[in-house]
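First the proteins, then the strands, lettered A, B, ... as listed; each starts at 1.
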2 protein chains.
Amino acid sequence: MVESGTSASPETGHPGGDRPRLDRQRILEAGAVFIEEHGVRQLSMRRLGAELDVEAMSLYRYVPSREDLLDGIVESVVDELYSDPEVYVEPRYGWQDYLLRLAHGLRRLAVKHPQVFPLIATRPAEAPWVRPPLRSLRWVESFLRAMTQAGFSNEQAVEAYRAFSSFLIGNLLLEVAALGADIGPVEDPDPSPSRQADLTDYPLLQELQDLLSEDRSKQEFDAALDALLDRLDSQLT
Amino acid sequence: MVESGTSASPETGHPGGDRPRLDRQRILEAGAVFIEEHGVRQLSMRRLGAELDVEAMSLYRYVPSREDLLDGIVESVVDELYSDPEVYVEPRYGWQDYLLRLAHGLRRLAVKHPQVFPLIATRPAEAPWVRPPLRSLRWVESFLRAMTQAGFSNEQAVEAYRAFSSFLIGNLLLEVAALGADIGPVEDPDPSPSRQADLTDYPLLQELQDLLSEDRSKQEFDAALDALLDRLDSQLT
DNA sequence: TAACCGTACTTACGATGTAAGCAAAGCATG
DNA sequence: CATGCTTTGCTTACATCGTAAGTACGGTTA
């Protein structure tokens, strides 16, 4: 029996096929997944369309352009921060706890989306003075409120915001790059022969290569974050 | 009188025309200039060819691909560091002076090439453990030598290298982005109407907007750099 | 002169982003 | 039910891209 009532079931889509219906969020999520799997360079409207069983042009109903698609993907990834239970929009246990949680939340995001993260870092934000990786006005407001409530002056809060942003961008961008995130374009299917640079002229490099390749990112991140918090704390007095 | 001797004048090019002859370095420099003027997105082989009064395909004589062209541009820009008289490859007045000069040299580079700098930051380096923005084995060797000579252990030198890289990437990337560097693709010829985001829900943002837009990058860079040097110094003991 | 070679141009192909128009299916009305 | 509007997706078409392959031409050397 076919109901043709006023309110349709959520599964109302394409009647013959069983394709779950296109919508902007679905496109953005598929885009994020695609980038994580194949890299930004490989993402084309046609290929993303194919991924969704749809022609490229159909995407333009929900996304004005490829550029906007990338912005949307970035935004939707950053928005995951809202659903991280470890991160509080409102500070609960003081500003240091707030910043620690925020930083670690962003780090989790970066590690979870190593291919998307460089986009987060390099795409222009909605307002020129909103900086990556927070990117959203709401988070900046949240940040500034946490700091001013804790006793930072307006100037100090703004300075802290810039220092915090810079710190995160630098550390996370490099950490993610080191993940073999293949940040740029090239997918190098050539591990050993010439990719191994010639170190004969650089004895110290040669000696320290193992140390350099070692992954101590978590510890160093925490140590540098600690130092940053100390520095901010010392400005409070 | 036409000289057809064995050694030609430097102007030996195209006989009829007065075009100065193509070579890789000229292409890379033209590419850097083009990017600074029009942004990376606008750089195509055809357009760069036109800039040099040459067909696109002629460039492929000197540059294997567009990707390699970008890498080459990055490399040639970073190599300017060698000709900065303020920066020493060998430390002369202690490791702190060395790091200060290096950091300021890179900052000058970033400010001079705001459009190219994000490429420096995000392109994969020649070896995975060589990090932006130094990018070259020779500078990494120089860095590590300066630190170990100053009494840092191998582990500490490597850790310092990572901290220093992260610091520079973060600060310079954001500084350059704030330059209106239009880091991404869009050239927005629309300053006032909707580019001005709606701040009604964010009172603190509204109040601090002037502070946030203020450019204090130089001072904050120096302050953060100072803090980093202090932190490294405290590890020495 | 002839052979050669490096340089630059021409042509051509597949892939891209996207403008414009079209078709079909859902809903709201008579 | 018939009619029309709106939403959704497909089709076609075009300029532009990176680049493979072939060609023409001038300078050097023999």
Value in whole Å for how far the [atom2] atom of [N] lies from [atom1] of [X]:
X	N	atom1	atom2	answer
B/Leu52	C/dC9	CG	P	11 Å
B/Met57	D/dC25	CE	P	19 Å
A/Glu67	C/dT18	CD	C1'	13 Å
A/Asp53	D/dT8	CG	P	18 Å
A/Leu48	C/dT18	CG	C1'	15 Å
A/Glu55	C/dT16	CD	C1'	15 Å
B/Leu43	D/dT16	CG	C1'	14 Å
A/Arg41	D/dC17	CZ	C1'	12 Å

Should the ring pair A/Phe221 and A/Phe167 be called parallel, tilted or perpendicular, given that the plane angle runs from 0 to 90° and is split at 30 and 60? tilted
Starting the side chain at C-beta, find the nucleotide from [options] nearest to [X].
X	options	answer
A/Arg46	D/dC17, C/dC9, C/dG17	C/dG17
A/Met45	D/dT19, C/dT18, C/dA8	C/dT18
B/Tyr62	C/dT7, D/dG18, D/dT19	C/dT7

Describe the nucleic acid contact of A/Arg66 in one word from base, sugar-phosphate, nothing, applying a heavy-atom distance below 4.0 Å.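 The residue A/Arg66 makes sugar-phosphate contact but no base contact.
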Closer than 3.5 angstrom, by distance alone: can the side chain of [X] be matched with the main-chain N or O of [Y] as a donor-acceptor pair?
X	Y	value
B/Gln206	B/Thr200	no
A/Glu126	A/Leu137	yes
B/Arg46	B/Met57	no

Closest-nucleotide ordering on DNA chain C, the 5'-leading residue of A/Arg61 and A/Ala56: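 Closest to the 5' end, via its nearest nucleotide, is A/Ala56.
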Taking 4.0 Å as the cut-off, does a side-chain nitrogen or oxygen of [X] come that near to OP1 or OP2 on [N]?
X	N	result
A/Arg47	C/dA15	no
B/Ser44	D/dC17	yes
A/Ser58	D/dT8	no

Would you kindly say whether A/Glu80 and A/His113 are connected by a side-chain donor-acceptor distance under 3.5 Å?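 A/His113 and A/Glu80 do have a side-chain donor-acceptor pair below 3.5 Å.
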